[in-house]
Visitor: 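Have a look at the structure that comes next, please.
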There are 2 protein chains.
Amino acid sequence: MKKNFIYHEIAGNIANKIKTGVLKEGERLPSVRMLSKEHGISVNTAKRVFLELEAQSLAQSKPQSGYFVSPLSYLKLPLPEASKPLPITNNKEPNDLINGVYSTMGRHDLTLFSIGVPSGNILPLAKLKKEIVLATRSLKEGGTEYEPLQGNIKLRRMVAVRSLAWEGWLKEDDVITTNGCMNALALCLIAVTKPGDTIALESPCYPGILQLAVSMGLHVLEVATHPVSGIDIDALKKLLPKINVCLLVPNFNTPLGYCMPDKNKKEIVSLLAEYDIPLIEDDTYGDIHFDPERPKCCKSFDTDGNVLWCGSVSKTLAPGYRVGWIAPGKYKEQILKLKLIHAISSTSIIHEAVGNFLMSGRYDNHLRHFRKTLQENYQRYALAISLYFPEGTKISRPQGGLALWVEFPKHIDTAELYNYALKKQISIAPGRMFTLQNQFQHCMRLCIGLPWTEDLGLKLKQLGTLAKMLG
Amino acid sequence: MKKNFIYHEIAGNIANKIKTGVLKEGERLPSVRMLSKEHGISVNTAKRVFLELEAQSLAQSKPQSGYFVSPLSYLKLPLPEASKPLPITNNKEPNDLINGVYSTMGRHDLTLFSIGVPSGNILPLAKLKKEIVLATRSLKEGGTEYEPLQGNIKLRRMVAVRSLAWEGWLKEDDVITTNGCMNALALCLIAVTKPGDTIALESPCYPGILQLAVSMGLHVLEVATHPVSGIDIDALKKLLPKINVCLLVPNFNTPLGYCMPDKNKKEIVSLLAEYDIPLIEDDTYGDIHFDPERPKCCKSFDTDGNVLWCGSVSKTLAPGYRVGWIAPGKYKEQILKLKLIHAISSTSIIHEAVGNFLMSGRYDNHLRHFRKTLQENYQRYALAISLYFPEGTKISRPQGGLALWVEFPKHIDTAELYNYALKKQISIAPGRMFTLQNQFQHCMRLCIGLPWTEDLGLKLKQLGTLAKMLG
């Protein structure tokens, strides 16, 4: 298994050097022969390394001269600013924006840059269908029965098995299934908070999480983040005495796409444990890593059950299936009780189908293609933005996930852009949705989970033209 | 359509006269000819009336003499006492009992009298399977997409259409789908309460509802009920100044199986509206009426949107599907927002499949058989109880639904019975689960949704023997 993907690993290392500027635009890459010798791999494998880099638009071949680093004009777009939310709790919910954007869910007449889900075109639809049909046949009573309370055993087992890749060492008995990840986060918050408590969240933050916290009567502290490394630990430290719970999306956070370095994850877990503050970790994007390796989680460093780790297949397989899970650490009993109260059971057939799909080994195969598609999409989006968007536009460098964060010059109001774009059948997620404070009005999130077509490029061009018009 | 079921209606009227004692045991029933003349129906239709009564064990034929009222020994079992909970709020949750009972969910080695769901044997499994397969084919992207926020349009439309039968006059836009009925009730309670509020519930009450209320930090007032007519309106009136919300299961309440008379429904709706107290109505059993007619709901009398009416197919089609709904009246916006936060979407495929199943007209056909089976089960259970249970045992007279409430003589402790029964692979729901107070320790709920077999009769006999042993 491993041998097959050596080329993938080597390509990943070279790709990183290009993206971080160690290898410069136009620079010559080692020859096939050199690469083969250096890594002890066959010439064919070495060739695959370059094909991989080429597919990612990172390298290009020149006849008779070998491979060179591609001109990466989009990488010259600056990074968005590090966020600087006010150290206050604030409940100015952008309800109108959120209602507007989410009311477009399921509309096929729009280009939905706004909703952070993968398009069906890049999902293994036929195989999933098959699993569902099989589940209606193989389950007792055709799946009309309640599941056991803790959830489908195959699904729980596979979540546990897969946790080895990020050193989570979960056992199936550590896992409770849920109706998707938002349901998991809601159960966690109900379990560990009471109204009036204070929650620390990353800024910018997924609107659903903000709304959940506000609806539960929590005071929200938005914490500064850096667009590459995530939450600012020093900023978090200062707030620790005030907070009762922390909810983070450390891996391929939406909207910023960053991946918190292991060192930071470890430090945060230990800090929060010290203050006895539970950490709810949303790892729903963890499997969508653009680098070859699956990142660790905060849960990887959890020694005393203080981390409630949540995940789902909503961003990698099927948003509409509602399949998620929690490894709630020491909060297991509370979560089980809440699951019984709020849901009784998950949808037996669908959870069985996903459990079987994961067991079949098809998931990893799908993920490989899926990640590559998303990474290529990111690069194509970035190229289009560098060509068509107003001067001074900045973009995030997603290391995985489904989101690209765009920061326009200050005077461009994305709530206004939203209205103009909608008239052209384009929906975006304005930045103000991602905060309860007055910030990010000149930012927006684009979903990169739409399949790339010429038309999609034109839609980005149209967006850029509209933004310039507003500028 | 209507003509076909005249015999059903006439049989229902006669059945009522038998059950209420207007027609006595052994009394001669009118002849086929008389019945045909009296109602202007054919002789064949009149014969069907008697076949129907015979199937319900209410009538028996004697050769050459016609039909007579069967000996209904079980109807001589007294009714349970009217409940008299203390007028205090109390949070003594019977957690151990509840955990024990619900941990048996999904176990096929036990006879589950404890879980209030219909067995797969009496559900239209093949047709449901077919609808699921069709939904994976007909839905865009194989049903992997999120639904529109308000939920599947076919399902909402059919809930609206079906509301005509109980004079609900709902439109599809009044309905929001949910992941089953407990999820619906949870969303309603989150929408209309804050921690510290006081909720009025029926006593005895479904454990999930008690747990939900307690987990949300509500003070629970259990209100006295009568085993035939439901909540005691005078008792409720006295509590009105203290309560913030009322949650009732007026139709075929679990565990007592009563159906609140229309007059009471109307009065309660108007009382609560006067005090501006929202009424959450759990109508999940409303379609399981043993009498020919579908009962009205409190919602039928709601003129100002104060009633949040909830339902599901969990008790009639498929517990494991998680398909429910709310008609939230004036709370629609709040419920939609909470649905987005807590669930984002329901399971697209399953909701589409159920929507199509309801549209096909198969649901009514299924319900007719289903109700008949449950009513026959009730009568068979009652007969077995009258034969095998300790002297002094009382039972409810379910007018529909899935539950039979058994009240033993005071000295029999059903928590103890639970433990003994489990050793014989029988699970029951002890009465203490249905209250936060110290009451109902000598009661239990039996699910009548299991298919009748000789073996099931023997299990009831075993239960009776164990109870006698404890007495």
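Chain identifiers are assigned alphabetically (A, B, ...) following the order of the sequence lines, protein sequences preceding nucleic acid strands; residue numbering begins at 1 within each chain.
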Visitor: Do B/L189 and B/L247 come within less than 4.5 Å of each other through their side chains, counting heavy atoms only?
Guide: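 A side-chain contact under 4.5 Å exists here.
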
Visitor: At a heavy-atom distance under 4.5 Å, which candidate from B/P319, B/A186, B/A318, B/G120 has the highest pair count against chain A?
Guide: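 Maximum pair count with chain A is reached by B/P319.
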
Visitor: Quick one: what part of B/L212 sits under 4.5 Å from any heavy atom of chain A, side chain, backbone, both or neither?
Guide: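 Both parts, heavy atoms under 4.5 Å.
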
Visitor: Please rank B/G142, B/A343, B/G324 by heavy-atom pairs under 4.5 Å with chain A and give me the top one.
Guide: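 Of B/G142, B/A343, B/G324, B/A343 has the most heavy-atom pairs under 4.5 Å with chain A.
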
Visitor: Using a cut-off of under 4.5 Å on heavy-atom pairs, state which of B/G208, B/P148, B/G180, B/G143 scores highest against chain A.
Guide: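 Counting heavy-atom pairs under 4.5 Å, the top option is B/G143.
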
Visitor: What are the two closest non-hydrogen atoms of A/V220 and A/A213, and how far apart are they?
Guide: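 Minimum heavy-atom separation between A/V220 and A/A213: CG2-CB, 3.8 Å.
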
Visitor: Under the rule for ring-ring contact (aromatic ring centres under 6.0 Å, His included), what residues qualify as partners of B/F357, not counting sequence neighbours?
Guide: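 Applying ring-ring contact (aromatic ring centres under 6.0 Å, His included) to B/F357 gives none.
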
Visitor: Pick one of side chain, backbone, both or neither for B/L317, based on which atoms fall under 4.5 Å of a heavy atom in chain A.
Guide: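 Only the backbone of B/L317 comes within 4.5 Å of chain A.
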
Visitor: If you look at every heavy atom in B/P118 and B/L402, which pair is closest and at what distance?
Guide: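 Taking B/P118 first and B/L402 second, the nearest heavy atoms are CD-CD1, 3.9 Å.
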
Visitor: What would the table of donor-acceptor pairs between chain A and chain B look like if you include every N and O pair under 3.5 Å, whether backbone or side chain?
Guide:
residue, atom, partner, partner atom, Å
A/E93, OE1, B/K337, NZ, 3.0
A/E93, OE2, B/K337, NZ, 3.2
A/N95, OD1, B/K337, NZ, 3.3
A/H108, NE2, B/E145, OE1, 2.8
A/H108, NE2, B/E145, OE2, 3.2
A/T144, O, B/G320, N, 2.5
A/E145, OE1, B/H108, NE2, 2.8
A/E145, OE2, B/H108, NE2, 3.2
A/G320, N, B/T144, O, 2.5
A/G320, O, B/S348, N, 3.0
A/R322, NE, B/A343, O, 3.2
A/R322, NE, B/S345, O, 3.3
A/R322, NH2, B/A343, O, 3.1
A/K337, NZ, B/E93, OE1, 3.0
A/K337, NZ, B/E93, OE2, 3.2
A/K337, NZ, B/N95, OD1, 3.3
A/A343, O, B/R322, NE, 3.2
A/A343, O, B/R322, NH2, 3.0
A/S345, O, B/R322, NE, 3.3
A/T347, OG1, B/T347, OG1, 3.4
A/S348, N, B/G320, O, 3.0

Visitor: Which atoms of A/L187 are under 4.5 Å from chain B, going by heavy atoms: the side chain, the backbone, both sets, or neither?
Guide: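 Neither the backbone nor the side chain of A/L187 comes within 4.5 Å of chain B.
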
Visitor: Are side-chain heavy atoms of B/L374 and B/I122 found at a separation under 4.5 Å?
Guide: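 B/L374 vs B/I122: side chains touch.
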
Visitor: So which heavy atom on B/A403 is nearest to which on B/I448, and how close?
Guide: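 Reported closest heavy-atom pair: N-CG1, 4.0 Å.
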
Visitor: Report yes if the side chains of A/C447 and A/I115 come closer than 4.5 Å at any heavy-atom pair, otherwise no.
Guide: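 Sidechains of A/I115 and A/C447: no contact.
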
Visitor: Go through the atoms of B/L210 and report whether side chain, backbone, both or neither lie under 4.5 Å from a heavy atom of chain A.
Guide: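 Answer is neither: B/L210 stays 4.5 Å or more from chain A.
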
Visitor: With a 4.5 Å cut-off on heavy-atom pairs, point out which of A/L340, A/L123, A/L336 contacts chain B the most.
Guide: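 When all of A/L340, A/L123, A/L336 are compared, A/L340 has the most.
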
Visitor: Output the distance between atom CD1 (A/I326) and atom CD1 (A/I280), rounded to the nearest 0.5 Å.
Guide: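 Answer rounded to 0.5 Å: 9.0 Å.
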
Visitor: If you measure from CD1 on B/I190 to CG on B/L185, what distance do you get to the nearest 0.5 Å?
Guide: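 The distance works out to 11.0 Å.
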
Visitor: Under a 4.5 Å heavy-atom cut-off, does chain B meet the side chain of A/I344, its backbone, both or neither?
Guide: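 Both backbone and side chain.
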
Visitor: Checking heavy atoms, do the side chain of A/L149, its backbone, both or neither come under 4.5 Å from chain B?
Guide: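 Contact with chain B involves both backbone and side-chain atoms of A/L149.
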
Visitor: Is the closest side-chain heavy-atom distance between A/F434 and A/P255 below 4.5 Å?
Guide: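 Sidechains of A/P255 and A/F434: in contact.
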
Visitor: Measure the shortest side-chain to side-chain distance between A/C188 and A/P328 over non-hydrogen atoms and say whether it is less than 4.5 angstrom.
Guide: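 The answer is no; the side chains never approach within 4.5 Å.
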
